[in-house]
Amino acid sequence: MSRRVGRRFFERPALEVAPDLLNKVLVAPGVAGRIVETEAYQGADDPGSHAYRGVTPRTEVMFGPPGHLYVYFTYGMHWCANVVTDRAGTPGAVLIRAVVPIRGIEAMRLRRSRARRDVDLANGPAKVAQAFAIDGTHDGIDLTGAHLGVSIRDDGTAPPAIPAVGVRIGLSKGQDLPWRFAVPDCAEVSRPHPTTGHDAR
DNA sequence: ACCGGGATGTTCT
DNA sequence: GAACATCCCGGTG
C-alpha cells in the first residue's frame, strides 16, 4: 500500500526534492506522519546553508550520498532532521519543517508533553524531531535502507500541483530565497504562509 | 493577537 | 567569543 522512496528520488537538487517531498510519509518506530512543509538548502553557494563554509565534521553528511539523514543540534537543546539530496560531492539537504501525525499520535503526545493541542505536535522542525525521537544517533543513517526503522514512504498521495512557496525561516543570511514549500491551506504549518496568507495557529 | 526574552550548549572563528 | 535552519512562556492590549 506504500513503498519506500528510493535513492534516485533524492539524487537531484534540493530545490527539486523539497516540493516533491510534500505529502510523502515520514516513518520511525511506532510513528508516522505526512510531510507538509519543507525547506531547501542547495549547493555550496547557498549562504543560508550549513554547507556554505565547506566540509566540517558537522556538515560532512551533507556532502555525502543522497537519501541519508542529516541531523544537527541547535540552540543548545533542539535537534532538526534533513534529508540529504543531490549527488555525492554536491551539498544539498531538505529540512523537514512540519508533519501531520498519521500513526502513533499517543507516543507523540508523550514525547511532546508541552504541546497543549495536537496541531502543535510536529509543526516545526525541532518538534518533528522530538515527536519522532530523532536525535544525533540518527545523523548519517541511510533512509533508503530504513536504518533504525526510519524511512520515507510514498502512499500514493501526489505532491500538491502548486505548492505554497515562501522564504526560509530563521536565517540571517540567504533569507530572500523563496525556498520554503508547504501544502497549501494546511493547518499544521510552522508559520503563516506568505502566498496563501494562511495561519497555522 | 502580538511581542520580547530566556533557555542551553555545540560549532566554528 | 559569537552565532545559532528553535521553542516556550509571560507580558500587554
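First the proteins, then the strands, lettered A, B, ... as listed; each starts at 1. For clarity, every value in this text was computed on a predicted model and none was experimentally measured.
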Any base atoms under 4.0 Å from [X], or only sugar-phosphate, or nothing? Heavy atoms, all strands.
X: A/Gly48; result: base
X: A/Arg112; result: sugar-phosphate
X: A/Arg58; result: sugar-phosphate
X: A/Ile169; result: sugar-phosphate

Exercise. Does C/dC8 have OP1 or OP2 sitting under 4.0 Å from an N or O in the side chain of A/Lys127?
Worked result: yes
Exercise. Taking only side-chain nitrogens and oxygens of A/His50, does any of them come within less than 4.0 Å of OP1 or OP2 of C/dA5?
Worked result: yes
Closest listed nucleotide, where the reference is the side chain of [X] and the choices are [options]:
X: A/Pro125; options: C/dC7, C/dC4, C/dC8; result: C/dC7
X: A/Arg53; options: B/dT13, C/dC9, B/dA7; result: B/dT13
X: A/Ser49; options: C/dA5, C/dC7, C/dC4; result: C/dA5
X: A/Ala126; options: B/dT10, C/dC4, C/dC7; result: C/dC7
X: A/Asn82; options: C/dA5, B/dT8, B/dT10; result: C/dA5

Exercise. Using a distance-only test with no angle check, is there a side-chain donor-acceptor pair under 3.5 angstrom linking A/Arg111 and A/Gln130?
Worked result: no
Rounded to the nearest angstrom, tell me the gap between atom [atom1] in [X] and atom [atom2] in [N].
X: A/Leu15; N: C/dA5; atom1: CG; atom2: P; answer: 19 Å
X: A/His78; N: B/dT11; atom1: NE2; atom2: P; answer: 16 Å
X: A/Leu95; N: C/dA5; atom1: CG; atom2: P; answer: 10 Å
X: A/Leu177; N: C/dA5; atom1: CG; atom2: P; answer: 15 Å
X: A/Arg117; N: C/dC8; atom1: CZ; atom2: C1'; answer: 13 Å
X: A/Arg116; N: C/dC8; atom1: CZ; atom2: C1'; answer: 12 Å
X: A/Glu60; N: B/dT11; atom1: CD; atom2: P; answer: 13 Å
X: A/Phe73; N: B/dT8; atom1: CZ; atom2: P; answer: 11 Å

Problem set entry | Among A/Glu39, A/Lys127, A/Arg180, side-chain contact (heavy atoms from CB on, under 4.5 Å) partner for A/Ser190 | A/Arg180
For this session: Give me the one residue out of A/Tyr72, A/Trp179, A/Tyr70 that meets side-chain contact (heavy atoms from CB on, under 4.5 Å) with A/Leu95.
Result: A/Tyr72
Problem set entry | B/dT8 pairs with, by Watson-Crick or G-U criteria that keep both distances under 3.5 Å | none
Seminar exercise, completed: Applying the 3.5 Å cut-off to both distances, the Watson-Crick or G-U partner of C/dA5 turns out to be none
Exercise. So do the side chains of A/Arg7 and A/Pro66 get within less than 4.5 Å of each other, counting heavy atoms only?
Worked result: yes
Exercise. Ion pair present between A/Asp154 and A/Arg4, side-chain N to carboxylate O less than 4.0 angstrom?
Worked result: no
Exercise. Is A/Tyr75 stacked on the base of C/dC7 when the test is centres under 5.5 angstrom and planes under 30 degrees?
Worked result: no
For this session: Have a look at A/Asp155 and tell me which of A/Lys24, A/Arg34, A/Arg3 forms a salt bridge (Lys or Arg N to Asp or Glu O under 4.0 Å) with it.
Result: A/Arg34
Exercise. How do A/Ser172 and A/Ala115 order along DNA chain C: which one's closest nucleotide is nearer the 5' end?
Worked result: A/Ser172
